[in-house]
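First the structure, in the form of structure tokens, and then the observations on it.
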Amino acid sequence: MEMLIKMHTSDALQQIFDLLHSHYGPLDWWPGDSPFEIMVGAILTQNTNWRNVEKAIDNLQAADLLSLEKMNQQPSESLAEIIRPAGYFTVKAARLLNLCRMLKERWHCDLENFLQQSKDTLREELLMVKGIGPETADSIILYAAEQPVFVVDTYTHRILSRHDIIPEEYDYSEIQETFTDNLEESVSLFNEYHALLVQVGKDFCKKSKPDCESCPLRVLLPAT
DNA sequence: CACCAGGCAAGTA
DNA sequence: TACTTGCATGGT
């Protein structure tokens, strides 16, 4: 009679990180030049392939709109046309302007001061903006403000539940706690870990056609 | 052709 | 509270 002993969560999370890190090495996220560009990218990439986001950001660059003050002066309709390739473009244009308006009215466009708040108040303030939810807020806190929060996305949920490390029905905060309760609180670790999960998700853990045979996590069973 | 991608808010019961 | 639906382009 054979027995399968479930690994402790902290050991599993450490093993996943080690496997991914030795497979991919440092990924140098976030792919954006300034804190403002990172914040814009975080909104544009909501439920959208990053390739499409890059096209939209190129358009914004060409229109010289990658600054808070300039974007804030842009009418919603023309901003929408510029970010069209990112999809959901009317909704996302409004969301970008909601963020710009909050930063102007509450922070007088001083991004540095805004991002230097404690991560908890920063998160509260971001979540008050209509169009910024938990993942977008946490992406901004980790990658623009460089403060230690763990970012959870659909790949994080899919990979951990398929490997039986968390239950399928875990929500955002439960998944986030799984990481923060079992890892040292470190900006560079959280940065790299989320980037690695997204990368391995794109490469091997697509929703309907996973490629578990060649996935670097195949030694952790079960999967698919 | 169908399906999906680094979510979120609003509507329904 | 717990589901469902709209938003939309571009790649496989």
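A, B, ... follow the sequence lines: proteins, then strands. Residue 1 opens every chain.
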- Message: For A:Lys130, is the NZ atom crowded, meaning more than 12 foreign heavy atoms sit under 6.0 Å from it?
- Response: no
- Query: Which nucleotide in the list B:dC4, B:dC8, B:dA5 gets nearest to the side chain of A:Gln46?
  - Reply: B:dC8
- Item | From C:dA8, B:dC8, B:dA5, nucleotide with atom closest to A:Pro134 side chain | B:dC8
- Item | side-chain N/O A:Arg158 vs B:dA5 OP1/OP2, d < 4.0 Å | yes
- Message: Nearest whole Å is fine: how far is B:dC8 P from A:Asp153 CG?
- Response: 10 Å
- Query: Quick one: A:Ile83 CD1 to C:dC7 C1', roughly how many Å, whole number?
  - Reply: 12 Å
- Take atom CG of A:Asn98 and atom P of C:dC7, then tell me their distance rounded to the nearest Å. 18 Å
- Query: Between the side chain of A:Gln147 and the main-chain N/O of A:Leu142, is any donor-acceptor distance below 3.5 Å?
  - Reply: no
- Item | Distance, rounded to the nearest Å, where A:Glu169 contributes CD and C:dC3 contributes C1' | 15 Å
- Which whole number of Å gives the distance between the C1' atom of C:dC3 and that of B:dA5? 23 Å
- Message: Using the side-chain heavy atoms of A:Asn47, tell me which of these nucleotides is nearest: B:dC3, B:dA5, B:dC8.
- Response: B:dA5
- So, is A:Thr136 near the phosphate of B:dG7, with a side-chain N or O under 4.0 Å from OP1 or OP2? no
- Distance, C1' atom - from C:dC7 to B:dC1, rounded to whole angstrom: 22 Å
- Query: Which whole number of Å gives the distance between the P atom of B:dG11 and that of C:dA8?
  - Reply: 16 Å
- Out of curiosity, A:Arg101 CZ to A:Asn72 CG, how far, rounded to the nearest 0.5 Å? 8.0 Å
- Task: Kindly say if A:Thr90 contacts the phosphate of C:dC7, meaning a side-chain N or O under 4.0 Å from OP1 or OP2.
- Result: no
- Short side-chain to backbone donor-acceptor contact, A:His163 and A:Leu220, under 3.5 Å: yes
- Item | Whole-Å gap separating C1' (B:dA5) and CG (A:Leu44) | 14 Å
- Message: Quick one, A:Leu60 and A:Leu44 - any side-chain contact, counting heavy atoms below 4.5 Å?
- Response: yes
Give me the distances for all protein-to-nucleotides 10-12 of chain C N/O pairs that come in under 3.5 Å?
| from | atom 1 | to | atom 2 | distance (Å) |
| --- | --- | --- | --- | --- |
| C:dG10 | O4' | A:Asn52 | OD1 | 3.3 |
| C:dG10 | O4' | A:Asn52 | ND2 | 3.1 |
| C:dG11 | OP1 | A:Lys55 | NZ | 3.4 |

- Give A:Val91 one of three labels, base, sugar-phosphate or nothing, depending on what nucleic acid heavy atoms sit under 4.0 Å from its own. sugar-phosphate
- Message: Between the side chains of A:Arg84 and A:Glu81, is the shortest nitrogen-to-carboxylate-oxygen separation below 4.0 Å, so that they form an ion pair?
- Response: yes
- Message: Please confirm whether the shortest side-chain N or O distance from A:Thr154 to OP1 or OP2 of B:dA5 is below 4.0 Å.
- Response: no
- Message: Strictly distance-based, threshold 3.5 Å: is any side-chain N or O of A:Glu177 a donor or acceptor partner for the main-chain N or O of A:Glu174?
- Response: no
- Message: In this structure, how many angstroms lie between the P atom of B:dG7 and the OH atom of A:Tyr155, rounded?
- Response: 8 Å
- Task: Give A:Val129 one of three labels, base, sugar-phosphate or nothing, depending on what nucleic acid heavy atoms sit under 4.0 Å from its own.
- Result: sugar-phosphate
- Just by distance, with hydrogens left out, do A:Asn191 and A:Ser188 show a side-chain donor and acceptor under 3.5 Å apart? no
- Please tell me which of A:Ser139 and A:Gly131 maps to the more 5' nucleotide of DNA chain B, matching each residue to the nucleotide holding its nearest heavy atom. A:Ser139
- Item | Interatomic distance, A:Asp58 CG vs C:dT9 C1' [rounded to whole Å] | 15 Å
- Would you indicate whether the side-chain heavy atoms of A:Asp153 and A:His157 approach each other to under 4.5 Å? no
- Query: Rounding to a whole Å, what distance do you find between A:Ile132:CD1 and B:dA9:C1'?
  - Reply: 13 Å
- Are A:Glu192 and A:Trp29 side-chain neighbours, meaning at least one heavy-atom pair lies under 4.5 Å? no
Are any protein N/O atoms closer than 3.5 Å to N/O atoms in nucleotides 10-13 of chain B? If there are, list each pair with its distance.
| from | atom 1 | to | atom 2 | distance (Å) |
| --- | --- | --- | --- | --- |
| B:dA10 | OP1 | A:Lys130 | NZ | 3.2 |

- Within the side chain of A:Thr178, is there an N or O that forms a donor-acceptor pair under 3.5 Å with the backbone of A:Gln176? no
- Message: Which nucleotide wins on minimum distance to the side chain of A:Thr48, given the candidates B:dC4, B:dG7, C:dA8?
- Response: C:dA8
